[in-house]
Each structure stands twice: as C-alpha cells, then as structure tokens.
Amino acid sequence: MGGREDGSLGEFLRRRRVRAGLSQAELATRAGLSVRALRDLEQGRAARPRSPSLRGLAEALALDDPAHAELLALAGRTPPVDRPLRLGI
C-alpha cells in the first residue's frame with residue numbers, strides 16, 4: 001500500500017479506513033463523528049481525541065484487541081487493565 005507509514009494516529013486511521021474500503025464520510029457516519037473531525041484526526045490536527053470518539057472508530061473499523069490497543073496507544077491512552085477490549089462485535 002502506498003503512502004507513508006509514520007506510526008501516527010492519523011496514518012493508522014487512514015490505513016485502516018482504506019483497508020476497510022470506506023470513505024471519510026462513511027467512516028465518520030459509522031463512528032458517530034463529523035467528517036471534519038475525522039479529517040482532523042487523519043491529518044494530525046486533533047491533539048487528543050475523546051474516548052467516545054476512539055470507541056466509535058474502533059467499532060466502526062471492527063478492530064480486534066491488538067489493533068484497538070494500538071489505536072489507544074497512538075492516541076496517548078492505555079487500555080483498561082481490568083477488562084478486555086472486546087467491543088461486542
């Protein structure tokens with residue numbers, strides 16, 4: 001897949017969105033975000049996304065536990081230690 005893979009939250013989201021075959025508008029709708037908010041995340045303009053936004057993105061992208069943990073780490077968050085990350089997918 002082309003493009004930089006710089007290890008940023010934005011790049012992670014973009015790669016996962018493209019892999020899922022979703023446009024920004026489609027992912028934003030599924031995750032409960034505005035297109036602008038998703039674009040800002042992908043372009044690194046959002047400093048620290050809120051937990052509900054991260055949860056919505058993880059669900060919309062159907063991330064497994066390791067990918068969800070990576071999403072949280074890239075966003076500067078840590079997964080809860082006392083319960084699994086499963087999203088009920």
Taking [X] for the side chain and [Y] for the main chain, is one N or O donor matched with an acceptor at less than 3.5 Å?
{"X": "E26", "Y": "S23", "value": "yes"}
{"X": "R48", "Y": "G76", "value": "yes"}
{"X": "R14", "Y": "E42", "value": "no"}

What are the two closest non-hydrogen atoms of [X] and [Y], and how far apart are they?
{"X": "L38", "Y": "Q24", "value": "CD2-O, 3.2 Å"}
{"X": "L22", "Y": "L61", "value": "CD1-CD2, 4.4 Å"}
{"X": "A31", "Y": "A60", "value": "N-CB, 3.9 Å"}
{"X": "V35", "Y": "A25", "value": "CG2-CA, 3.7 Å"}
{"X": "L9", "Y": "P49", "value": "CD2-CG, 3.7 Å"}

Atom CZ of R45 with >12 non-hydrogen neighbours under 6.0 angstrom: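 Atom CZ in R45 is packed in, count exceeds 12.
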Atom [atom1] in [X], atom [atom2] in [Y]: separation rounded to 0.5 Å?
{"X": "R36", "Y": "D40", "atom1": "CZ", "atom2": "CG", "answer": "6.0 Å"}
{"X": "L63", "Y": "F12", "atom1": "CG", "atom2": "CZ", "answer": "5.0 Å"}
{"X": "L71", "Y": "L13", "atom1": "CG", "atom2": "CG", "answer": "6.0 Å"}
{"X": "L54", "Y": "E59", "atom1": "CG", "atom2": "CD", "answer": "11.5 Å"}
{"X": "S51", "Y": "L72", "atom1": "OG", "atom2": "CG", "answer": "8.0 Å"}
{"X": "R16", "Y": "E11", "atom1": "CZ", "atom2": "CD", "answer": "12.0 Å"}

